[in-house]
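Input: a single structure, listed below in structure tokens.
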Number of protein chains: 2
Amino acid sequence: MPLSKCNCEGCELKGLFFSELTNDEIEAVCTWKDERSYKKGEYILREGDPIKEFCYTKSGLVKLVRSVSDQEEQIIYFASSLDFISLLGIFSNDTYPYSVVAIEDTVVCSLRISEVKTFIRTNGNFAFSVIQKLNRVSDNIITTNLEIKRRRLPGRIAYILLYFANDIYKHTTFELPVSRKEIADFIGMTTENVIRTLSEFRRDGIIKISGKTIEIVDMDKLLKIKQFG
Amino acid sequence: MPLSKCNCEGCELKGLFFSELTNDEIEAVCTWKDERSYKKGEYILREGDPIKEFCYTKSGLVKLVRSVSDQEEQIIYFASSLDFISLLGIFSNDTYPYSVVAIEDTVVCSLRISEVKTFIRTNGNFAFSVIQKLNRVSDNIITTNLEIKRRRLPGRIAYILLYFANDIYKHTTFELPVSRKEIADFIGMTTENVIRTLSEFRRDGIIKISGKTIEIVDMDKLLKIKQFG
DNA sequence: AACAGATGCTGATAATTATCATATTTTTGT
DNA sequence: ACAAAAATATGATAATTATCAGCATCTGTT
């Protein structure tokens, strides 16, 4: 099969994820890869399911969640485009220790994990790039959690607002992709207190809120709250 | 140089870390490896230093810490024997994002990171085993932090007591290897409240304390506090 | 359009945790 | 061995956060 028929060839992510693969390997990937679109709210992976695929986001935004009791869940991380979403335990577990849910419309590309494992064993440069990327994502999660842990409620809210504004949307006005409850599940506080703190920020002229739309009005103050709150 | 002169050959960790290396590769490791002993309290790695080595503990206990302000530090993780202590960012950063400090006398074996990187590129099975092990350690850190985050003070203290009792010392009586302040830095609470909670556990007949020695008297109650507190 | 159910919002109160002050004990350095 | 510093301990109070209760608003469905 000629490579020109393989749409992975022209994929904008090829350079990011598979620059180290040979043409033959890319062709093999292409034959088996599975690209899927998910609507906001849909489950991409389910906690407890067997790990058969190696997935990454091509576009969109997802949350990694784990359930900690009947009613409660904890959000581990938000992954945007070009992130691995298969990470925790993918090479050391049999089943997913968390679920992945689209919080915006999301396109995911999946490879068979067995194939990726083979490439790791046979292609050292590919192995190295996988290690680098896994390492970067893990570090990110760990550091983010530590940063949140050391802050109080206002600091945590400031942190997450600035995360969406600076890292995800790169704009001071944006649509919050998550509910107040999801913020609460992420920062480890109650929904009521998340709402209360947002309202206080609004009253203090730091942000404007209309529904899901947030506008950061006083960036300096928000940065100070992130730093000291 | 005959392999018999190489003391890595007989190292009890060879099977764990380097089972996938060829004899030639092990000999190369052996020539350059650096095995060092550290007394309790000594720094093994310093935050900000360039990453030149790939380190793991042969025995002992260490803490991974990062400083978050002039006076405060955050403990990321406790690593016991056979753990990697080079992990966060080792393959994606130039400098260590955290320090590693011995909290018990510790023996560390270090390889040159450049050499490990070469093995990853040239020996796929070794690469795969490194990925598996890094993956496992990262997951552990992430999961531990999530478990702590979702608990209140008593639950957090119960969690860490049971961690030392069950995972590290495998005994209901043990010497706490860390100060109350270090526990506080790990679970994200104040030193006073850690002390207070330990005192309450003692008053409630859950544990006995004499200095650094802790004895778990009422395991059932402690498990319940871990679960619901 | 009407309804149900989720989500957002606010206040009052209770529970939890931090801060400050002070004393005692243990460890460290000389 | 001694003084100084650090760690442990406890109480009182302040600050922070959770819980509960009651409404309003939004969303999706029929």
Side-chain angles (χ1 to χ4, degrees), chain A residues 39-42 63 68-69 71-75 101 103-104 148-161 175-204 207-214 225 228-229, chain B residues 39-42 63 68-69 71-75 101 103-104 148-161 175-204 207-214 225 228-229:
Chain A
K39 290 274 168 208
K40 182 172 178 158
E42 282 184 317
K63 62 175 178 179
V68 292
S69 77
Q71 307 260 334
E72 285 170 284
E73 51 183 36
Q74 233 177 342
I75 294 183
V101 184
I103 56 176
E104 289 183 350
I148 284 172
K149 188 157 91 172
R150 75 190 195 79
R151 290 176 165 80
R152 307 257 181 73
L153 184 41
R156 292 181 185 190
I157 299 290
Y159 187 91
I160 197 174
L161 289 178
E175 289 279 304
L176 251 193
V178 291
S179 67
R180 315 296 196 250
K181 179 179 183 315
E182 284 170 315
I183 294 178
D185 289 342
F186 183 54
I187 68 176
M189 304 267 156
T190 59
T191 309
E192 293 96 318
N193 277 330
V194 170
I195 292 168
R196 225 185 293 275
T197 307
L198 285 172
S199 300
E200 273 159 26
F201 284 4
R202 177 174 42 72
R203 271 196 292 278
D204 294 345
I207 59 174
K208 282 184 186 165
I209 310 176
S210 70
K212 292 274 192 194
T213 306
I214 303 273
I225 293 171
F228 301 109
Chain B
K39 290 274 170 208
K40 183 174 175 155
E42 281 184 317
K63 62 175 177 180
V68 291
S69 77
Q71 308 259 335
E72 284 170 284
E73 52 182 35
Q74 230 177 346
I75 294 183
V101 183
I103 57 177
E104 288 183 351
I148 285 171
K149 189 157 91 171
R150 76 191 196 79
R151 289 176 166 79
R152 307 256 180 73
L153 184 40
R156 293 181 185 189
I157 299 291
Y159 187 90
I160 197 174
L161 289 178
E175 291 277 303
L176 251 194
V178 290
S179 68
R180 315 294 195 253
K181 180 179 182 316
E182 283 171 315
I183 294 178
D185 290 341
F186 182 54
I187 67 176
M189 304 268 156
T190 58
T191 309
E192 293 96 318
N193 276 332
V194 171
I195 291 168
R196 224 185 295 274
T197 306
L198 286 171
S199 300
E200 274 158 26
F201 284 4
R202 177 173 42 71
R203 272 195 291 276
D204 295 344
I207 58 173
K208 282 183 186 167
I209 310 175
S210 69
K212 293 275 191 192
T213 306
I214 303 274
I225 293 171
F228 301 110

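Just so it is clear: chains get the letters A, B, ... in the order the sequence lines come, proteins before strands, and each one is counted from 1.
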TODO: Just jot down the side chain to side chain contact (heavy atoms under 4.5 Å, CB included) partners of B:Lys40, sequence neighbours excluded, or say none.
DONE: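 In terms of side chain to side chain contact (heavy atoms under 4.5 Å, CB included), with neighbours along the sequence ignored, B:Lys40 is linked to B:Asp105.
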In whole angstroms, how far is the [atom2] atom of [N] from the [atom1] atom of [X]?
{"X": "B:Lys40", "N": "D:dA7", "atom1": "NZ", "atom2": "C1'", "value": "12 Å"}
{"X": "B:Ile103", "N": "D:dA7", "atom1": "CD1", "atom2": "P", "value": "14 Å"}
{"X": "A:Ile209", "N": "D:dC26", "atom1": "CD1", "atom2": "C1'", "value": "16 Å"}

Open item on the list: Could you tell me the boundaries of the chain A footprint on DNA chain C, defined by atoms under 4.0 Å from its heavy atoms?
Closed with: C:dG8 to C:dT19
Taking [X] for the side chain and [Y] for the main chain, is one N or O donor matched with an acceptor at less than 3.5 Å?
{"X": "A:Lys208", "Y": "A:Thr213", "answer": "no"}
{"X": "B:Lys212", "Y": "B:Val178", "answer": "yes"}
{"X": "B:Glu72", "Y": "B:Ser69", "answer": "no"}
{"X": "B:Arg151", "Y": "B:Arg156", "answer": "no"}

- [ ] List in chain and number order the residues that pass salt bridge (Lys or Arg N to Asp or Glu O under 4.0 Å) with B:Lys181, two or more places apart in sequence or in another chain; answer none if no residue qualifies.
- [x]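 Only B:Asp185 meet the salt bridge (Lys or Arg N to Asp or Glu O under 4.0 Å) criterion with B:Lys181.
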Task: Any residue meeting salt bridge (Lys or Arg N to Asp or Glu O under 4.0 Å) with B:Glu73, in chain and number order, not counting sequence neighbours - done: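 B:Lys63.
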TODO: With a 4.0 Å heavy-atom cut-off, tell me which residues in residues 189-197 of chain B come close to DNA chain D, sorted by residue number.
DONE: B:Glu192, B:Ile195, B:Arg196
Which value, rounded to the nearest 0.5 Å, describes the distance between [X] atom [atom1] and [Y] atom [atom2]?
{"X": "A:Ile157", "Y": "A:Ile225", "atom1": "CD1", "atom2": "CD1", "answer": "10.5 Å"}
{"X": "A:Leu176", "Y": "A:Ile209", "atom1": "CG", "atom2": "CD1", "answer": "8.5 Å"}
{"X": "B:Ile187", "Y": "B:Tyr159", "atom1": "CD1", "atom2": "OH", "answer": "12.0 Å"}

Open item on the list: Under 4.0 Å from OP1 or OP2 of D:dC26: is there any side-chain N or O of A:Lys212 that close?
Closed with: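 Negative; the distance criterion is not met.
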Task: B:Arg202 vs D:dT10: side-chain N/O to OP1/OP2 distance below 4.0 Å - done: yes
- [ ] Kindly indicate whether the side chain of A:Ile103, heavy atoms from C-beta on, has any atom under 4.5 Å from the side chain of A:Glu182.
- [x]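 A side-chain contact exists here, since the closest heavy-atom pair is under 4.5 Å.
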- [ ] Estimate the overall bend of the helix from C:dA1-D:dT30 to C:dT30-D:dA1 from the end axes over five pairs each, rounded to 10 degrees.
- [x] 60°
Task: Sugar-phosphate, base or nothing in reach of A:Arg156, heavy atoms under 4.0 Å - done: nothing
